[in-house]
Amino acid sequence: MAAPLVWRCIYGSYAPENLSRKRMEARNAAQAPEVSSKLRKKRSGKATQTHERTCLVRGVKPNSLTLLRALKAFADRGSMDDALYVFEKMNRSETYIWNVVIRGLFSSGLFQEAIEFYYKMENEGVRSDNFTFPFVIKACSELLCLVEGQKIHAKLIKKGLDLDVYICNFLIEFYAELGLIELAEKVFKGMDVKDMVSWNSMVSGYQAVGDGLSSLICFREMLDMRKKPDKFSMISSLSACSMEDFLRSGKEIHCQAIRSGLELEIMVQTSLVDMYGKCGEVNYADRVFSRIFSRNIVAWNAMIGAYSLNAHHLESLSCLKRMQEEDNLIPDNVTMINLLPSCSQLEALLIGKSIHGYTIRRNHVPHIVLETALVDLYGKCGVLKLAECVFGQMHEKNLVSWNAMISAYVQNGRNGEALDLFQDLWHVHHKPDAVTIAGILPAYADLALICECKQVHAYIVKSELVPNTFISNSIMYTYAKCGDLQSARKIFDHMIYKDVVSWNTIMMSYAIHGFGATSIQFFSEMKEKGLEPNRSTFVSLLSSCSISGLVDEGWEFFSSMKTQHGIDPGIEHFGCMLDLLGRTRNLDAARHFVEEIHVVPTARIWGSLLAASRKSNDVVLAELAAREIFSLEHDNTGCYVLLANMHAEAGRWENVKRIKYVMEKNGISKTIGCSTVEISGKRHRFINQDKSHTQKNTIYDVLDIVLREDRYVHSLNKFRPEDLIKRRAKSPETHSAKLAICFGLISTEVGNPVIVRKNTRICENCHNSGKKISQFTKREIILRDSKMFHHFRDGSCSCRDYW
DNA sequence: ATAGGGTTAG
């Protein structure tokens, strides 16, 4: 290892312990295999022997051509200890030899040392020239050290070297590398003479900071100046096109490439494949790719990426075989990284696992990107254990890795773990980005964590993620799912750019709250604005109709899907229509509908039928539907409970017993029903007959007052002494929902709605009470059960008593 | 004597 000797040469006994953290990082980076393959090649060129260089300098005149050649040779091949040994024997007043050493140090990855060597040069009064600075500046950009670079920049101005084309080009790159594109621009604009490198650096600089538009504008300007783009300009500008989804500009550049003959450059061809892939034109990508004369691994990888990105997953996987057979190429890390999303999408766990095995056998791991893709794969395939395993064993994690793991938890319904991980994220000093937020929000929505949702919303505003439509849509739906339809609406109204998803989301928000008519209004408004509805739009729309019982409208929209919008109804739409049929209590029609649709019914379809049969008390149909559901997902707790309740209501106790036995056998326990209400960030939880709350006396007093009338009517109609004893124990009068509502009433201000969350379906008794309490107290009560929202207002519910 | 390179996870 050269470094310590270099240090001795420069600083005598100066110990490397004094190295700053940054310097150490830079040095480690220089030694890391992925960074320094070029360097290693240089270093391991020839083993240097001490006596060789000793012989070399003995009796040779300082700065003779021999020494100069030796210095340059050592520096060029990265033998910096040898180079410095020679340097020490030379006359140090000459600028040239310093420049050689600085360049050598830089090429060996000794960036900090290169900079310090320059300062040593200044201190010794040696004149620096235009050849000195490029690599000093580049060292600063490698170390991402702004202050140092700006000091050098200031010196350049003083020395009058700041107009040198080479130096300016390096400065542009330096500022672009640090993301300070405005400063790069300033240097660029101040140049008297610009060469191709200047223009290309600017085009690629804009592209590197994610500003594809400016990159293309700069490219255009360059054309206007009658500069002929070279392959580097092409590569950067094509990348800018894919970034902004500018297919047209991409095609224009493609034409220029053909005209200038650059189309035959493999790198340009690869960039074209990539551009077409990212702009959604996989067929063009395919065409360019098939015309590449000698395809290398990068080109194959780009093609695989294009297939994968455009959901041509089978094609992307088949490339794995093709690249080996047709071109005799060995897949690398990038190949695997591009293939894994296809495996995730296809839920091809087995292929994914063999890729994982392959990468281990070929020593491709640890690799942060690869491992993150694996976390994603295992998450999407539902094997959380493996996702956790890969994530846990990662040597190094970045925000993307964390995001993948958080999403994996959320996608598998493990909201608690997702929230814990989200908390941990802050402790390892990662700041959540748009993807983190989009990943975690469904967990908040699911758990109805309104307070956390507000916190995240505040964070979004603070971190200026607001104009991001994607995030706004997500937070809008979270508010809606947390029961706060008002806030959801506010976000929708304030969105500058609303896409189809925004409209679908607001429609669905109103639908789950039972306001189907409003949802339909949004649909017409959306069409007026000229937006074309998609499949999901119709899910929102048909759900609205079924939830609000708008039967005729539902059928009309259903048929217009195909006739007016050319969308073939899918299973998700059939489900909505089945719900609609269930509402009309026309079970025969519903049964026929299931037979007519030419798809294999899913658990969701049978669930709709089950719900419909419950409403009509058709136990036979219910049993049929339930059996189908159990064959698909044997652990559907809600389904067992519903069936048992139906039998209980019909008085068939032997069936109730049978179901309970099956549940026990399958290890399924009834979910304990609980209701929660959130008061200033604290969640208060109630179970049936709960007496554990600190304010239990007040709560029960309130319950007594608001339900007095209810109980009176109840007892007149159905008074049977033997029931009374039974009821005492399991009285619906003290169900968790009622307790939560009462606590909500006394803990919130008049004028605000009481928001209650229940983990299981609300029972009929509580539903009736909800309506009555809303009338009696003149308060709005919003209750979310396992299916939907109930807005109780003035004695009626938004669900119109169907849920 | 001075230089830049395409494919990479959610």
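So that the names make sense, note that chain A is the first sequence line, chain B the second, and so on, each numbered from 1. These numbers were taken from a predicted model, which means no experiment stands behind them.
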Where the side chain of [X] is concerned, which of [options] is the nearest nucleotide?
X: Asn301(A); options: dT7(B), dA9(B), dA1(B); answer: dT7(B)
X: His367(A); options: dT8(B), dA3(B), dG4(B); answer: dT8(B)
X: Asp230(A); options: dG4(B), dA1(B), dG6(B); answer: dG4(B)
X: Asp129(A); options: dA1(B), dA9(B), dA3(B); answer: dA1(B)

Please state how far atom OH in Tyr276(A) lies from atom P in dG6(B), giving the value in whole angstrom units.
19 Å

Atom CG of Leu309(A) and atom P of dA9(B) are separated, to the nearest Å, by 9 Å

Is there aromatic stacking of Phe131(A) against dA1(B), centre distance under 5.5 Å, plane angle under 30°?
yes

I want to check one thing: is the phosphate of dT8(B), taken as OP1 and OP2, less than 4.0 Å away from some side-chain N or O of Lys278(A)?
yes

If only side-chain N and O atoms of Lys138(A) are considered, is one of them under 4.0 Å from the OP1 or OP2 phosphate oxygen of dG4(B)?
yes

Any N/O donor-acceptor pair, [X] side-chain to [N] base, under 3.5 Å:
X: Asp376(A); N: dA9(B); answer: no
X: Asn338(A); N: dA9(B); answer: no
X: Ser271(A); N: dG6(B); answer: no

Identify which one of Phe133(A), Phe174(A), Tyr175(A) satisfies the ring-ring contact (aromatic ring centres under 6.0 Å, His included) criterion when paired with His153(A).
Tyr175(A)

Does a donor on one side chain and an acceptor on the other come within less than 3.5 Å for Asp499(A) and Asn473(A)?
yes

Which heavy atom of Met196(A) sits nearest to which heavy atom of Ser233(A), and what is that distance?
CE-OG, 3.6 Å

I want to check a possible cation-pi pair here: Lys397(A) against Phe391(A), using under 6.0 Å from ring centre and within 45° of the ring axis as the test.
yes

